[in-house]
Amino acid sequence: METIGLAIDTTFDDTSVAILRGKREVLSNQTLSQYADHAEFGGVVPERASRRHLEVIHPLMDRALAEAGVEYRDLGWVAVSNLPGLLGSILVGVTVAKSLAYLLRRPLIGVNHIEAHPYANFLVHGELPFPLLHLVAAGGHTLLIHQEGHFRWRVVGRSVDDAAGECVDKVAKMFGHPMPGGPVVDRLAMAHAPAPCGFPRPMLKDPGLNFSFSGLKTAVLYYLKGQKGEVEEGPVLAAFFEAITDVLTVKTLRAAQRLGVAAVTVSGGLAASKKLRAAFEAACGEAGVKLFYPPPALCTDNAAMVGCLAAYRFEAGLTDDLSLDAQANLIG
Ligand code: KG4
Ligand code: ZN
């Protein structure tokens, strides 16, 4: 009988609890988004986010246990994302997980939220062939990760300023769309041909593997300021999103080629984009590289991906003690 475990993610503005049996059987995956709580401020307010996590974490755990038909005593491990993200938010999850592990006398497993994003692919596609190159394109991070085996990974490229998702959200905001802007930009980009706006493809000519997206955001702002009459939103956003997808696909495939990797995964909220998926299908097909991405609900933040990685760690004996700490940064 495979071990049942409970995973918690409170790294940013989503509270999520999942219950897994073994590495892949998701018995429950409950996520509460806080977008509505922060809407009036135009962005996530850290203090508000941690308070909200605190209010909803216990009811959410109860709901997940009920849906899974599992009781606390059935749990074999307790996992939590302890980095990176908003410190006050992570602390809520870490404190709850530690208390639970202590009370139940079960192993505690700390998980890196960024390392967990690609595990949404292991969750639904099974074992994937190493070495792998992962593009993690989330709201707060745009990272290229080279993974040679479970727990053996390193960041080989990152955004030096805004994450791609953050850039998409900010540009959507210029057009009056609330957070998260990605879904509406994606819908418009699918429905319209890109206008000839001449938007830049930042750092594409740079041979390195890093990204930069803040200049693209500024280019859209100046383009809008320079327009006299009515701006056609759909075609302009399609042109903007084309610049995003071009940069992400070209850099990812460049990294795969340079590292001799034959399989690529895409995860993080932006990977829910139909347009981005289509661009990756085309680019990977042309390059003869295998492509994996999770269903949209497992692209955005969720505790199921955290639970999947935690189950691998549990199997390998990689557990933590109660000194596990919350950490805001990915490295250092
Ligand atoms: O992974 P995620 O939920 O949060 C972080 O860990 O940061 O990613 C959120 C990002 C936001 O920028 C949001 O606009 C974008 O993912 N996003 C999408 C879609 N769903 C969420 N972008 C394009 N198409 C979508 N369907
Ligand atoms: Zn995330």
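Starting from 1, each residue takes its place in the sequence as its number. We count ligands from 1, going down the list as the structure has it; atoms in each ligand are counted the same way.
Not a single heavy atom of V168 sits less than 4.0 Å from an atom of ligand 1. At least one heavy atom of H117 sits under 4.0 Å from some atom of ligand 1.
Looking at A272, G182, P180, G165, it is A272 that brings a heavy atom closest to atom 26 (N) of ligand 1. Closest heavy-atom approach to atom 4 (O) of ligand 1 within the set T31, T142, D301: this belongs to D301.
Closest protein heavy atom to atom 9 (C) of ligand 1: G139 N, 3.5 Å. The shortest contact between atom 17 (N) of ligand 1 and any protein heavy atom is with G269 O, 3.4 Å.
With a 4.0 Å cut-off on non-hydrogen atoms, H113 touches ligand 1 through its side chain and not its backbone. Heavy atoms of D186 found under 4.0 angstrom from ligand 1 belong exclusively to the side chain. Within the 4.0 Å heavy-atom criterion, the part of D169 lying near ligand 1 is the side chain and not the backbone.
The Zn ion (ligand 2) has an N, O or S atom of H117 closer than 2.8 Å.
By the 6.0 Å and 45° rule, R105 stacks over the aromatic ring of Y102.
Closest to the Zn ion (ligand 2) among the N, O or S atoms of H113 is NE2. Within D301, the N, O or S atom lying nearest to the Zn ion (ligand 2) carries the name OD1.
For ligand 1, the atoms lying closer than 4.0 Å to a non-hydrogen atom of A138 are 1 (O), 5 (C), 6 (O), 7 (O), 8 (O). Within ligand 1, the atoms closer than 4.0 Å to a non-hydrogen atom of G140 are 7 (O), numbered from 1 in the order shown. Counting the atoms of ligand 1 from 1 in the order shown, those under 4.0 Å from a heavy atom of G181 are 14 (O).
Side-chain atoms of H177 and D169 form no donor-acceptor pair, as typed in the model, at a separation below 3.5 Å. A donor and an acceptor atom, one from each side chain of S212 and D161, are located under 3.5 Å apart.
No donor-acceptor distance shorter than 3.5 angstrom exists from the side chain of K290 to the backbone of C284, with no hydrogens or angles considered. Without hydrogens or angle criteria, Q227 side chain to G229 main chain gives no donor-acceptor distance under 3.5 Å. In this structure a side-chain-to-backbone donor-acceptor pair under 3.5 Å is present from K98 to L322.
Other residues sharing the hydrophobic cluster of V160, ordered by chain and number and joined by side-chain separations under 4.5 Å: M203.
Using bins of under 30°, 30° to 60° and over 60° for the plane-to-plane angle, the ring pair F211/F213 lands in the parallel bin.
Close placement of the H150 and Y119 rings is indicated, their centers lying within 6.0 Å of each other.
The residue from T15, D13, D9, T11 that alone fulfils the side-chain hydrogen bond (donor to acceptor under 3.5 Å, both in side chains) condition with H53 is T15.
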